[in-house]
2 protein chains.
Amino acid sequence: MRVVIAKCSVDYDGRLTAHLPLATRLLMVKADGSVLVHSDGGSYKPLNWMSPPCTMAEVAPEADEADEGVAAVWVVRHTKSDDRLRVRIHEVISDTAHDLGVDPGLVKDGVEAHLQALLAEHIHTLGDGYALIRREYMTAIGPVDILCRDQSGITVAVEIKRRGEIDGVEQLTRYLDLMNRDPLLAPVTGIFAAQQIKPQARTLAEDRGIRCVVLDYDALKGIDTTEHRLF
Amino acid sequence: MRVVIAKCSVDYDGRLTAHLPLATRLLMVKADGSVLVHSDGGSYKPLNWMSPPCTMAEVAPEADEADEGVAAVWVVRHTKSDDRLRVRIHEVISDTAHDLGVDPGLVKDGVEAHLQALLAEHIHTLGDGYALIRREYMTAIGPVDILCRDQSGITVAVEIKRRGEIDGVEQLTRYLDLMNRDPLLAPVTGIFAAQQIKPQARTLAEDRGIRCVVLDYDALKGIDTTEHRLF
DNA sequence: CTATGGATCTCGTAG
DNA sequence: CTACGAGGTCCATAG
């Protein structure tokens, strides 16, 4: 990976046309030829970039560019589309390169989908006698995470979040309103299940008759591990 | 901006839990405290990151971390949520900082919205006698870019793209199907307008009776400039 | 291979 | 401020 700190202007032409006026920025050239132009703020999104597969060539500036003080020009072209990036470098402040090797990559864990799968598999976590009807139960306004029955046979809609906040309660409320208008389903009660439940969300949920359940992710995973060990 | 090349492992805990095994990576610390962890490939998205507003603190490793060869630990915490990032640095290969100043920011040009405004202003580009009804004409399935009438008074729905591809034709087709079911609007014809129209898109459009118009962005802008000069 | 939906989405704009 | 839609979306998975 090559990292250059330089005073530069950048022009992109592809899906849209965009221009970055002259300023000092960080330019990152990755092993696959992709280029990122970062400023000293904002989010993780670069000001401008070229995604792989693409090729990067350092060329001499045109006459008019040289007149304006351009020392070097990077021409980056996408291999498939005709997107192109032109980086006009006026002054190089730093230019270094390092061999990083191939990255082993990110390991994700504990996403909502995983929580949902674990809870569906161990639905008794919600209480004795609970029985799964199905995951991702479709309604007109979207899928309910889990639909199940409690010990008395009442239908229960479960909304799962890693972090239980107000918008999750609102979402579940909309599902419950809709489902309770369906005579084939009604009455339907709700459970708001999350690893953490914010006090405001808990208050709102309980005020609406929605039960709150705090999920212990490690415990759910532990049950899983134990069961797998039995085989 | 601080740029560090280091052998490190990273753990994120927030909306999800994620882990990056030990490897050499680029760490970028921006002026607002935000941190980006980049590998030497992939897209512009970092492997892991913390968005502003957040704070970054360099602390001594725990005893068990020190035993595993951790030289320093970065603790990055989001100011509003309790998202946190822990970067365990085993070996620093490079550590530099540069003052980039405030970036003047990206200037976008030629986006679909601008094309739409220009074409609406110069609707006669589509042919003599064309008259604008309105931009962003709302339908149940979304807004039609431009609705106008041709010289014979027939309603025309115009879909605008910078690059005309098949999905744009499909989009316009859906609008036309819907609008032609409305007796107050029908009959409605379609125009697919773009700076470039891919052969497949043109074939599909014309097969469906949709007229294709290639827009000359610079010419439309030129008309604009000329008119402004008149005042 | 393409199609589809989620995202630690980000980013703008309208209300 | 929040809500909503678009993105040079990116990204994984399913088919």
Side-chain angles (χ1 to χ4, degrees), chain A residues 10-20 34-39 41-54 76-78 80-85 105-117 136 138 142-143 145 160-163 165-167 170-171 195, chain B residues 10-20 34-37 41-54 76-78 80-86 105-117 135-136 138 141-143 145 160-163 165-168 170-171 195-196 200:
Chain A
V10 184
D11 283 275
Y12 166 73
D13 197 72
R15 302 285 186 93
L16 57 78
T17 304
H19 174 71
L20 281 171
S34 59
V35 176
L36 281 61
V37 181
H38 269 278
S39 65
S43 67
Y44 65 72
K45 198 179 176 186
L47 293 167
N48 225 324
W49 73 93
M50 185 61 72
S51 307
C54 63
V76 190
R77 279 176 201 281
H78 197 264
K80 305 258 173 178
S81 69
D82 55 356
D83 289 32
R84 53 211 156 85
L85 201 64
L106 190 70
V107 183
K108 286 186 185 184
D109 191 20
V111 298
E112 188 184 314
H114 199 183
L115 271 177
Q116 187 193 108
E136 300 284 351
M138 272 312 293
D145 288 337
I160 301 171
K161 293 287 174 201
R162 182 173 161 86
R163 288 184 184 172
E165 300 181 16
I166 283 188
D167 62 343
E170 296 291 3
Q171 191 180 344
Q195 284 186 274
Chain B
V10 183
D11 283 274
Y12 166 74
D13 196 72
R15 305 286 187 88
L16 55 78
T17 304
H19 174 71
L20 280 170
S34 60
V35 176
L36 280 63
V37 181
S43 67
Y44 66 71
K45 198 179 175 185
L47 292 167
N48 224 322
W49 73 93
M50 184 62 71
S51 306
C54 64
V76 190
R77 278 177 202 280
H78 198 264
K80 306 258 173 180
S81 68
D82 55 354
D83 287 34
R84 53 212 155 85
L85 202 63
R86 192 177 184 85
L106 190 69
V107 182
K108 285 188 183 181
D109 191 20
V111 300
E112 187 185 314
H114 199 184
L115 271 176
Q116 188 193 109
R135 288 169 58 186
E136 301 283 352
M138 272 311 295
I141 55 171
D145 288 336
I160 301 171
K161 293 286 176 200
R162 185 172 159 89
R163 289 183 182 173
E165 299 180 16
I166 283 186
D167 61 343
E170 296 290 5
Q171 191 179 344
Q195 283 187 274
Q196 303 180 331
Q200 287 186 342

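Below, chain A is the first sequence line, B the second, and so on; all start at residue 1.
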ask   = How would you list, by chain and number, every residue that makes a salt bridge (Lys or Arg N to Asp or Glu O under 4.0 Å) with A:Glu170, sequence neighbours excluded?
value = A:Arg208

Check nucleotides 9-15 of chain D for protein N or O atoms closer than 3.5 Å to its own N or O atoms and list the pairs.
residue, atom, partner, partner atom, Å
D:dT9, OP1, A:Arg15, NH1, 2.1
D:dT9, OP1, A:Arg15, NH2, 2.9
D:dT9, OP2, A:Arg15, NH1, 2.5
D:dC10, O3', B:Ser43, OG, 3.0
D:dC11, OP1, B:Ser43, OG, 2.6
D:dC11, OP2, B:Ser43, OG, 3.2

query = Within this structure, what is the NZ-to-P distance between A:Lys108 and C:dC9, rounded to whole angstrom?
reply = 10 Å

request  = Using whole Å, report how far CD of B:Glu170 lies from C1' of C:dT4.
outcome  = 15 Å

CZ/A:Arg163: more than 12 non-hydrogen atoms of other groups inside 6.0 Å = yes

query = Excluding sequence neighbours, so at least two apart, what forms side-chain contact (heavy atoms from CB on, under 4.5 Å) with B:Ser43?
reply = B:Lys45

message = Do B:Leu47 and B:Val10 have side chains that approach each other closer than 4.5 Å (heavy atoms only, starting at C-beta)?
response = no

key: B:Arg86 atom CZ, neighbour heavy-atom count above 12 within 6.0 Å   = yes

remark   = To the nearest angstrom, the CD-P distance between B:Gln171 and D:dG7 comes to 10 Å

query = Taking CG from B:Asp83 and P from C:dT10, how many angstroms apart are they, rounded to a whole number?
reply = 10 Å

message = Rounded to whole Å, how long is the line connecting atom CG of A:Leu47 with atom C1' of C:dT10?
response = 13 Å

message = If the threshold is 4.0 Å, N to carboxylate O, is there a salt bridge linking A:Asp13 and B:Arg162?
response = yes

